[in-house]
Each structure stands twice: as C-alpha cells, then as structure tokens.
Asker: 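Below is one structure. I have some questions about it.
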Amino acid sequence: MFIKQVSVFLENTKGTLREVTQLLGENEINLLALSVADTSGFGIIRLIVKSGDIDKTLEILRNSGNIARVNDVICVRIPHKPMGLSEVLAVLEENNISVEYSYSFCRSTIDDAVIILRPSDKVLCAEALTKAGISLVSHDEVDAF
Amino acid sequence: MIQDRIYNSQMECMDPEVRRKLQGERLRATVALEYANVPLYRERMDKAGIKPEDIHSMDDLKYLPFTEKTDLRDEFPFGLLAAPKDQIVRIQGSSGTTGKPIVSGYTENDVEVWTEMVARSLSAAGCTQDDIVQVCYGYGLFTGGLGAHQGASRLGAMTVPMSSGNTQRQIMMMRDLGSTILCCTPSYATYLGETIREMGLVPGKDIKLKSGVFGAEPWSEEMRVRIEELLGIDAIDIYGLTEIAGPGVAFECIAKHGMHVNEDHVIAEIIDPKTGEQLPYGTPGELVFTTITKTGQPMLRYRTHDICTLYNDPCPCGRTTVRMGRITGRTDDMLIIRGVNVFPSQIESVLVGINGVAPHYMLVVDRVNSSDTLEVKVELTEEMFSSDTVSHIEGISRQISEQIKSVVGIAAKVSLVPPKSIPRSEGKAKRIIDNRKI
C-alpha cells in the first residue's frame with residue numbers, strides 16, 4: 001500500500017546535496033525520485049530508491065555521519081494529462097486529508113505520471129484514493145520503472 | 001560640557017585613611033550580622049576558624065571566606081537573608097548559572113543605599129532637578145530600570161520610565177519631552193543614535209540629550225567615542241550587579257578615567273583568581289565585593305569573576321574613592337548579551353531537559369546593527385528526526401528557542417545542524433564563538 005522513502009537532514013550550505021548524491025552514486029545507488037525541502041538553515045532530502053537498496057542507502061548515509069530515516073509515503077499513478085493531479089488532491093480534500101509535501105518521479109517506463117504524497121494521515125489517504133479508483137503504486141512496481 | 005556635581009562630598013571626598021577606618025567598623029558589623037543570621041556564613045567561618053570578634057579592621061578582610069554566584073543559587077530564594085523576611089521590602093533578581101535565577105532581598109535601608117549610589121552616579125553625569133531622565137533599561141527583576149529610576153527621582157529629576165524596546169517610541173518621547181539624560185545599555189545607546197541619525201534628526205536641535213549613563217554590559221573607548229558623536233553627549237560608564245545592589249556600585253566622573261567605587265557602602269578587592277590572594281592596586285585580577293551597609297542580603301567577599309584593575313591615584317574630580325578600570329574579561333564563561341548575563345551551562349540545562357536533544361551545542365554571539373545576537377547551534381539526533389517534515393524540525397527549533405527565552409530571558413536563534421558538525425575538543429569544550437568587536 002505504501003512505498004518506503006529515505007529522508008536525510010542536511011545543513012543548507014554549499015556542496016552538501018552534491019556530497020550526498022555523490023556518496024550514493026559511488027555506491028551504485030540510483031535515485032528513482034528526489035525532492036529537496038529547503039529552509040534558510042537546513043534542508044531535508046527525500047529519496048526513493050529500489051526496495052532492495054533501502055537498507056544499504058540508510059547504512060551508507062548513517063555511516064558517513066548523516067541523520068537519516070525511512071518512512072512510508074503514498075505513491076499514486078495518475079493519467080499524464082491536465083487536471084491529473086488536482087483530481088487526486090480533490091479526493092484528499094473531501095476526506096480532510098492534507099498534504100505535507102509531494103513530488104514526482106524523475107522518469108518512468110510508463111506513460112502515466114507517478115506522484116509521491118506525504119499525507120497527514122497515510123491510512124486514511126490510501127483508503128480514500130483506492131475508493132476513488134485512483135491506483136496506488138507499490139514499491140515492487142516502482143522497482144520495475 | 002556637563003557639570004560634575006559631587007552628591008555626597010562628605011563620603012565621596014573623605015580622607016582615604018579615615019574611610020578605611022570607617023570601612024573596618026562597618027565590615028565588623030556586617031560580619032557579626034552574617035554570622036548571627038546566615039547559616040552558610042556561620043558554617044564557613046567556623047570551618048575557617050574565624051569568629052566575628054577576629055575581624056577588627058580592613059586588614060582582616062583577607063581572612064574571610066568568599067561567596068560565589070552558586071551560593072546564591074543553592075540558597076535560593078531566602079537562604080542568605082540576614083534580616084527577618086518581614087523586613088524585606090523588595091526582591092530583585094538576575095539569571096543564575098543554570099536554569100534557576102538568583103535573587104537578592106532588600107530592606108528599606110538597602111533600597112536607600114542603592115538609591116544613594118545611583119544618585120551619586122547620575123549627579124556625576126550632571127543630573128539635577130532640572131533634568132529629564134529617560135530610562136530605557138528594562139523595569140522588573142533586572143536592577144537596571146528601577147535602579148536608574150530611583151536615583152533620578154532622588155535627584156528630583158523628571159523621570160521617564162520608558163523601559164526597554166520600541167525604539168521609534170523612545171525617540172518620539174525623547175524629542176517631544178526634550179529628555180536631557182539617557183540611561184540604557186551602551187549598545188542600545190548606539191542603536192538609538194544610529195536610528196536618530198537615519199531619521200534625519202539633529203542632536204542639539206531635535207534631540208536635547210546632554211549626557212548618558214550606560215552600563216549592564218562591557219564596552220570600550222571606541223564605543224564611547226561613537227556614542228558621543230552620534231548623540232552629541234558625554235557618555236558615562238556605570239557598573240553594578242544585583243548580588244551587591246544593582247547599578248551604581250561604581251560610576252565614572254566627568255574625567256572618564258575609571259569608575260569610582262562607592263567605598264563607604266562596598267569594599268572592592270582585586271584577587272588572584274587562582275590562589276584567592278589579594279593583589280595590590282594597579283594589578284589586574286578578579287574583582288571581589290563586600291557590602292558593608294546592607295542589612296537584607298549582605299555579601300562577604302563576593303567573587304564577580306570580572307577581571308579589572310583598581311586604581312587609587314588622585315582623580316581631578318576631587319573624589320578620593322578607588323576607581324576600577326574597564327572590565328577586560330571574565331574568569332568564567334559568562335557572556336553578557338543585550339545586558340543579560342548568559343552562562344553556557346544555562347543553555348545546556350535547557351537542552352538536556354528537552355527529549356531527544358543532545359547537549360552538543362555552540363553559542364555564536366555577534367553584534368548586528370549595534371544589537372547583540374545569540375545563535376544556538378544544536379546537533380540534530382535520530383530521535384529529533386522522528387518526522388521528516390520541515391514543520392516538525394522548525395517546531396523543535398521553536399521549542400528550544402522558547403525554553404531558552406523563558407529560562408535565560410533572552411531571544412535566541414536556534415539552528416539545528418547535522419551530527420558531529422560541532423567540533424569536539426579535547427578537554428574543555430569550546431562552546432562559544434564571540435564575534436562581537438566591542
């Protein structure tokens with residue numbers, strides 16, 4: 001129902017994003033999706049990697065002194081057309097679920113757009129979307145993109 | 001040029017030998033009072049094998065035990081009172097070395113002593129009943145506001161209790177009332193001066209200030225020149241601490257070379273901070289005060305941890321009291337930020353009190369637009385990163401900042417930084433970066 005996301009806390013200074021991505025790259029970890037939340041003082045990077053890479057990613061990040069965590073997020077597959085995302089968000093709104101953050105996949109082998117959502121309540125969100133006929137993407141499917 | 005008026009010439013210009021005798025008598029009475037009423041002093045004197053009868057004159061001062069700020073914290077709130085509680089008419093306080101504040105209880109006599117000391121200071125800055133004194137120190141437990149207020153009122157001046165903050169309103173009142181004497185911290189005086197200039201107001205025309213009495217934080221000759229230029233005034237230094245009375249313990253005269261200690265009320269000593277031995281005039285060391293006229297919470301040999309030098313060469317103003325030079329440093333890690341005493345240990349006690357926060361921190365102090373800023377860098381832990389939303393992380397920063405504000409009494413910017421990013425040093429951790437150029 002959910003997919004796993006790795007988040008890393010970084011100081012908002014020059015070079016930190018490059019360092020982390022380089023570190024993962026050198027360890028053969030490919031980033032399937034990425035978002036950067038930035039404030040004036042710090043940044044949080046959220047990453048989606050293949051399910052088999054999650055533990056390794058965490059280990060690499062922590063061993064190099066970073067604070068990292070894994071949490072569940074919702075991944076939905078929606079038609080790649082105007083209004084695609086807003087129709088999904090309308091479902092959440094009707095169910096009083098807010099979105100903490102959202103981002104999309106860099107690329108996929110399918111025609112649909114693939115969006116990641118961090119809702120206020122992930123269980124409610126998954127139920128609401130399924131009921132509305134919006135298909136959730138599993139991590140296994142993500143691995144196949 | 002302002003006119004320096006000596007408020008109490010009998011006491012301020014007394015023959016030093018006669019004064020020393022008077023100090024000895026008052027010291028003896030204070031020691032007897034402490035021994036009879038304060039268990040802490042009785043225990044310490046017993047331990048040192050000293051009885052009140054052993055104290056005959058100033059020469060015996062060196063045998064008395066020291067008092068530390070931690071004693072005020074440990075005996076908080078009333079353990080050091082030498083008078084019955086019903087004789088205490090005022091409580092003033094400041095921050096302690098950890099979360100707990102320290103307080104001082106004043107009898108009516110003590111408020112009177114303090115008022116007299118501030119009156120002498122303001123009088124040296126030219127204050128008379130014709131003046132309008134604008135007090136922009138905070139009013140409250142902090143001794144700055146009420147201290148200046150009482151002193152100015154004693155001289156019959158029109159006293160304007162503005163308290164701190166709201167610069168635009170301060171300047172409006174200063175202009176409309178025609179305030180002639182300003183009391184605040186030197187950094188705030190600079191800020192007021194800069195703002196007045198930015199507003200296009202002209203000192204001497206729109207602003208009628210002639211002098212200012214500035215204290216509660218260390219400053220320099222360079223700052224004096226700057227303030228005097230900005231505001232077109234004479235800038236006078238004043239020193240004090242809540243433990244001893246408040247502002248007015250020592251003050252500058254118009255000669256502006258050292259602050260006259262009110263020696264008929266307090267005894268100043270300089271000691272070697274390591275050995276505790278008394279040092280002669282002219283030698284820098286730790287400043288130690290003994291109150292000799294207070295009855296509520298008198299202090300014997302209170303270690304200020306301020307480093308300075310005492311001078312007893314004659315002063316052209318005619319006062320015969322010893323003078324203390326500028327505070328050149330601290331023997332501990334206390335910081336003075338916007339007039340508030342801040343110890344790294346206070347910040348640490350806040351951090352360890354918050355779940356998941358590790359006590360790896362760094363204090364960065366700077367001065368931006370004449371105002372001190374405090375940034376507290378705290379290392380993030382796995383526990384604190386229990387949610388990866390920005391609002392969660394910012395919520396933690398806010399929580400830490402609010403706790404610091406409530407415990408230390410100062411607004412701080414809290415920055416969460418990655419783990420291990422704060423340098424670990426061998427031995428004593430380097431917790432402070434002070435970028436202020438005072």
Side-chain angles (χ1 to χ4, degrees), chain A residues 2-20 23 33-49 54 57-59 61-74 97-103 116-122 125, chain B residues 347 350-352 354-366 368-369 373-405 411-425 429 433 435:
Chain A
F2 308 117
I3 68 167
K4 301 276 182 204
Q5 170 193 261
V6 178
S7 304
V8 200
F9 177 89
L10 292 179
E11 203 167 5
N12 192 354
T13 52
K14 191 179 170 185
T16 49
L17 180 59
R18 196 261 313 143
E19 278 165 27
V20 166
L23 179 72
L34 167 109
S35 103
V36 179
D38 72 300
T39 70
S40 60
F42 64 90
I44 299 170
I45 305 179
R46 293 128 186 174
L47 308 164
I48 306 293
V49 296
I54 294 170
T57 303
L58 258 187
E59 196 187 317
L61 289 169
R62 284 179 176 161
N63 285 347
S64 60
N66 290 290
I67 295 277
R69 61 174 280 111
V70 173
N71 48 288
D72 292 337
V73 287
I74 299 269
I97 298 163
S98 56
V99 177
E100 308 262 11
Y101 56 78
S102 167
Y103 56 105
I116 291 151
L117 294 167
R118 155 78 192 228
S120 50
D121 184 321
K122 63 183 180 186
C125 177
Chain B
I347 308 278
V350 168
L351 295 179
V352 297
I354 298 174
N355 253 346
V357 179
H360 296 301
Y361 64 95
M362 174 84 92
L363 308 183
V364 184
V365 190
D366 210 337
V368 180
N369 297 329
T373 59
L374 171 64
E375 180 185 10
V376 181
K377 292 188 172 188
V378 185
E379 283 186 5
L380 191 83
T381 62
E382 296 274 351
E383 252 179 300
M384 290 156 82
F385 199 43
S386 59
S387 164
D388 72 339
T389 60
V390 169
S391 57
H392 170 76
I393 302 290
E394 285 180 341
I396 295 175
S397 299
R398 203 175 317 115
Q399 189 195 355
I400 297 173
S401 183
E402 279 164 9
Q403 294 261 348
I404 291 173
K405 172 86 188 159
K413 177 191 170 197
V414 174
S415 303
L416 296 173
V417 297
K420 308 280 184 319
S421 62
I422 292 169
R424 310 285 199 269
S425 55
I433 297 175
N435 292 322

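Just so it is clear, the model here is predicted, and its values are computed rather than measured. Residue numbering restarts at 1 for every chain, and letters A, B, ... go by the order of the sequence lines.
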Asker: Extract the chain A to chain B donor-acceptor pairs under 3.5 Å, no hydrogen or angle test applied.
Answerer:
{"from": "A:Gln5", "atom 1": "NE2", "to": "B:Asp388", "atom 2": "OD2", "distance (Å)": "2.9"}
{"from": "A:Ser7", "atom 1": "OG", "to": "B:Asp388", "atom 2": "OD2", "distance (Å)": "2.5"}
{"from": "A:Arg46", "atom 1": "NH2", "to": "B:Asp388", "atom 2": "O", "distance (Å)": "2.8"}
{"from": "A:Arg62", "atom 1": "NE", "to": "B:Glu382", "atom 2": "OE2", "distance (Å)": "3.2"}
{"from": "A:Arg62", "atom 1": "NH2", "to": "B:Glu382", "atom 2": "OE1", "distance (Å)": "3.3"}
{"from": "A:Arg69", "atom 1": "NH1", "to": "B:Phe385", "atom 2": "O", "distance (Å)": "3.2"}
{"from": "A:Arg69", "atom 1": "NH1", "to": "B:Ser386", "atom 2": "O", "distance (Å)": "3.2"}
{"from": "A:Arg69", "atom 1": "NH2", "to": "B:Ser386", "atom 2": "O", "distance (Å)": "3.3"}
{"from": "A:Tyr101", "atom 1": "OH", "to": "B:Asp388", "atom 2": "OD1", "distance (Å)": "3.1"}
{"from": "A:Tyr101", "atom 1": "OH", "to": "B:Asp388", "atom 2": "OD2", "distance (Å)": "2.6"}
{"from": "A:Arg118", "atom 1": "NH1", "to": "B:Asp388", "atom 2": "OD1", "distance (Å)": "3.3"}

Asker: For B:Phe385 versus A:Val8, what's the shortest heavy-atom pair and its separation?
Answerer: CZ-C, 4.1 Å
Asker: Give, for atom CZ of A:Phe9 and atom CG of B:Leu380, the distance between the pair rounded to the nearest 0.5 Å.
Answerer: 5.0 Å
Asker: For a quick test of reading the model, state the closest non-hydrogen atom pair linking A:Gly65 to B:Pro419 and the distance between them.
Answerer: O-CG, 3.2 Å
Asker: On a heavy-atom basis, which atom in B:Pro418 and which in A:Leu10 lie closest, and how many Å separate them?
Answerer: CG-C, 4.4 Å
Asker: Identify which part of A:Ile44 has an atom lying under 4.5 Å from any heavy atom of chain B, answering side chain, backbone, both or neither.
Answerer: side chain
